[in-house]
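First the structure, in the form of structure tokens, and then the observations on it.
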Amino acid sequence: TVVAAGFDQGKHQGTPDMEEYEAAEETSFVVDEVSMVIKEAVEQTIGVNSYQTNKVNQWTSNIVEACLNRLCAMNKPFKYIVSCVVMQKNGAGLHTASSCYWDNSTDGSCTVRWENKTMYVIVTIFGLAI
């Protein structure tokens, strides 16, 4: 199960000036793109593995590095902050919150929750326009 949430400036189909729209798309934080980056990084890193305490540090490092590498390869004018939580499914609760003071027209965030039978992975990416 994957849940994605965040701020996206949206798609403005039918806009008279498509070149302007495409240029904005190239320099905006697009939640759908970032969500796919996260999902791919988690799937490639963890795949079908079961929770293993001795692998969590490596998994979290690999996920955040993969996300950063893919985001930087997009060549968008952003600074990125990536966090990753891997939690064993054992009935314990986990509550998180974040708050940002930024420009809603340029900056954005995306959180994806990924899970399998033995663990949850929660990745959050903040994109801050340069």
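For the numbers below, each heavy atom of this structure counts, side chains included, while hydrogens, waters and symmetry mates do not. Each residue takes its place number in the sequence, starting with 1.
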Between [X] and [Y], is there a shared hydrophobic cluster once you connect ILVMFWY residues whose side-chain heavy atoms come closer than 4.5 Å?
{"X": "Met87", "Y": "Ile122", "result": "yes"}
{"X": "Tyr80", "Y": "Ile63", "result": "yes"}
{"X": "Val85", "Y": "Trp114", "result": "no"}
{"X": "Met36", "Y": "Phe29", "result": "no"}
{"X": "Leu68", "Y": "Trp59", "result": "yes"}

For this session: Name all pairs fulfilling the side chain to side chain donor-acceptor pair (under 3.5 Å) condition that reach into residues 46-58, sequence neighbours left out, sorted by first residue then second.
Result: Gln58-Asn62
Please report the shortest heavy-atom distance between [X] and [Y], naming the atom on each side.
{"X": "Lys89", "Y": "Lys117", "result": "CD-O, 3.6 Å"}
{"X": "Val112", "Y": "Ser35", "result": "CG2-OG, 3.6 Å"}
{"X": "Ala92", "Y": "Asn90", "result": "N-OD1, 3.1 Å"}
{"X": "Phe126", "Y": "Ser98", "result": "CZ-OG, 3.8 Å"}
{"X": "Gly47", "Y": "Asn116", "result": "O-ND2, 4.4 Å"}
{"X": "Ser109", "Y": "Val31", "result": "O-CG2, 3.8 Å"}

Seminar exercise, completed: Rounded to the nearest 0.5 Å, the SG atom of Cys84 sits from the CD atom of Glu65 at a distance of 11.5 Å
Exercise. Out of curiosity, Thr124 OG1 to Ile81 CD1, how far, rounded to the nearest 0.5 Å?
Worked result: 11.0 Å
Problem set entry | Intermediate values then yes/no, side-chain contact (heavy atoms from CB on, under 4.5 Å), Lys76 and Val30 | CA-CA 10 Å; Lys76 290 192 175 191; Val30 181; 3.7 Å; yes
Are [X] and [Y] close enough that some pair of their side-chain heavy atoms sits under 4.5 Å apart?
{"X": "Cys100", "Y": "Asp107", "result": "no"}
{"X": "Ile46", "Y": "Val121", "result": "yes"}
{"X": "Val56", "Y": "Met119", "result": "no"}

Seminar exercise, completed: Applying side-chain hydrogen bond (donor to acceptor under 3.5 Å, both in side chains) to Thr60 and not counting sequence neighbours gives none
